[in-house]
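Keep in mind it's a predicted model, so treat the numbers as computed, not measured. For the single chain, residues carry numbers from 1 onward in sequence order.
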Amino acid sequence: MAELDAEAVSKIVTAGADIALVLSPDGDILDIAYRDAELKAWGLEDWVGRSWHETVTMESREKLRDLLSDASSMTMTRSRQVNHPGDGTRDLPVSYRVASLAASGKRLALGADGRAMADMQQRLLRAQFEMERDYRRVRDIEARYRIIFHLAYEPLLVVDSLSLKVLDANEGAARLFAKPAKKLAGGSVAAAFAKGEQQQVAEALAAIAARGREDVITARIATLDEPLSIRVTPFREFGRTNLLVCFLADRDLGGGVSTVSSMLSMVESLPDGLVVVDADGRILEANMAFLDMIRVVGFDRIEGKSVDTWVGGSGVDLQVLMANLREHGTVRRFSTIIRDDLGGSETVELSAARINGAGGPRYGLSVRESQRSDAGLSPLGTVNGQSASHLTELVGRVPLKDLVRDTADIIEKLCIEAALKLTDNNRASAADMLGLSRQSLYIKLRRYGISDSEEETN
């Protein structure tokens with residue numbers, strides 16, 4: 001920058017510019033100086049001899065014309081930001097002011113590197129986007145909470161554990177207490193109970209909050225004479241403990257017996273064993289009839305354990321049952337055995353259904369003892385009466401050992417066909433069910449000519 005006089009150098013130093021350009025009266029770049037070596041990535045050394053307009057992006061050229069026009073009428077122009085295109089990198093933002101050098105007719109463009117400001121703006125925009133996204137997420141969660149809270153059948157109150165004031169109430173609580181939910185909020189929860197039990201309820205709620213564990217209490221509310229079971233669940237919210245108070249009324253607001261309660265009572269009273277399992281066959285629920293069948297005293301002894309510990313002649317039985325449930329949704333009269341904890345076993349029939357829930361599919365199994373008349377029938381007579389009748393006609397004409405051999409072959413063939421039917425032609429599962437190796441099963445299939453055309457598919 002040897003062409004500049006002392007006055008121009010003084011202006012550059014005073015301005016503290018990151019980039020300084022010496023421009024001809026026509027706007028061509030005569031010389032350039034810059035402080036940061038990283039700016040070489042934008043090819044600043046190649047700008048000398050080119051028009052200033054050629055070094056900026058298309059949308060910035062109008063700003064340069066305005067700067068040069070202002071420089072003709074004033075000593076120092078106001079700052080304008082332009083962008084220099086990068087080769088394989090982002091644009092370089094620079095804020096320029098143009099000073100006119102009256103002595104030589106040249107102009108001096110003083111630029112401030114705007115990368116730090118641009119990065120800060122980008123971070124600010126990202127932070128704003130993230131805040132807006134988080135705000136929408138919180139708003140959606142709050143809306144979902146409000147919908148679920150108010151649609152819940154049970155009357156619910158949210159109570160401050162310190163003041164015991166009602167923070168929120170759902171529509172079920174509004175019906176139970178015959179007050180709008182907005183009027184319940186802000187009042188003392190003790191006021192919702194019968195006068196003679198208000199102090200006792202307040203002490204019980206305070207004790208549950210102090211322990212931090214869910215508990216069930218019994219009390220009478222002001223609008224009903226009969227006592228209700230009340231489940232109180234402490235939870236943390238914004239650094240404090242609140243209480244979710246759920247009224248477990250045995251009667252609905254119309255005075256009728258609860259349908260859910262009646263259904264549960266009926267299930268418990270059924271003589272057939274009922275058990276609910278998850279997708280892995282682990283027991284979630286069971287009624288007393290099922291516990292009696294397996295000779296177990298309490299449900300806690302079987303909860304979470306695999307149902308094939310007691311149900312099925314082998315592990316294949318449960319696999320076949322679950323496979324059919326997943327495919328068809330229901331299974332009827334599935335014949336198997338049930339074993340008890342005392343070493344006994346009994347032939348039973350299973351009927352099952354799949355239920356889709358929020359936590360994944362659940363499977364309900366109904367276990368019924370097989371009828372004695374069915375158990376006493378001959379397998380040959382039940383499955384293939386013509387074969388058994390044909391064999392009895394051969395008595396006296398064919399040696400007994402040949403009859404026994406033929407009878408064994410018929411039974412063996414029928415058993416193999418039944419196993420293949422139960423396992424949906426799965427050869428490996430059928431072999432396991434029959435207690436045979438897969439090679440032995442294949443030999444017997446070829447011997448009896450069973451499903452030769454499907455041998456490749458398995």
Side-chain ion pair, [X] and [Y], N-O less than 4.0 Å:
| X | Y | answer |
| --- | --- | --- |
| R115 | D113 | yes |
| R211 | D215 | yes |
| E62 | R65 | yes |
| D272 | R368 | yes |
| D432 | R427 | no |
| E154 | R231 | no |
| E45 | K40 | no |
| R137 | D134 | yes |

Donor on one side chain, acceptor on other, [X] and [Y], under 3.5 Å:
| X | Y | answer |
| --- | --- | --- |
| W310 | D341 | yes |
| Q128 | E132 | no |
| E349 | S335 | no |
| T241 | R236 | yes |
| Y442 | R446 | no |
| S440 | S437 | yes |

Taking every non-hydrogen atom, the tightest pair across A181 and A174: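 Looking at all heavy atoms of both residues, the shortest contact is N-CB, 3.8 Å.
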
V297 and L291: which non-hydrogen atoms are nearest, and at how many Å?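 Result for this residue pair: O-CD1, 4.3 Å.
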
Verify whether the ring centers belonging to H84 and Y96 lie closer than 6.0 Å.
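When the ring centroids of H84 and Y96 are compared, they turn out to be within the sub-6.0 Å range.
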
ask   = Between F247 and F177, is the gap from one ring center to the other below 6.0 Å?
value =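 Between F177 and F247, which both carry aromatic rings, the centre distance is below 6.0 Å.
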
Looking at V311, is its backbone amide N or carbonyl O close enough to the side chain of D308 to form a donor-acceptor pair, meaning the two atoms are under 3.5 Å apart?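 Not a single qualifying donor-acceptor pair exists.
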
Practice task
Look only at the side chain of R438 and the backbone of A428, and say whether a donor-acceptor pair between them is shorter than 3.5 Å.
Solution key: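 Side chain of R438 to backbone of A428: no pair is present.
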
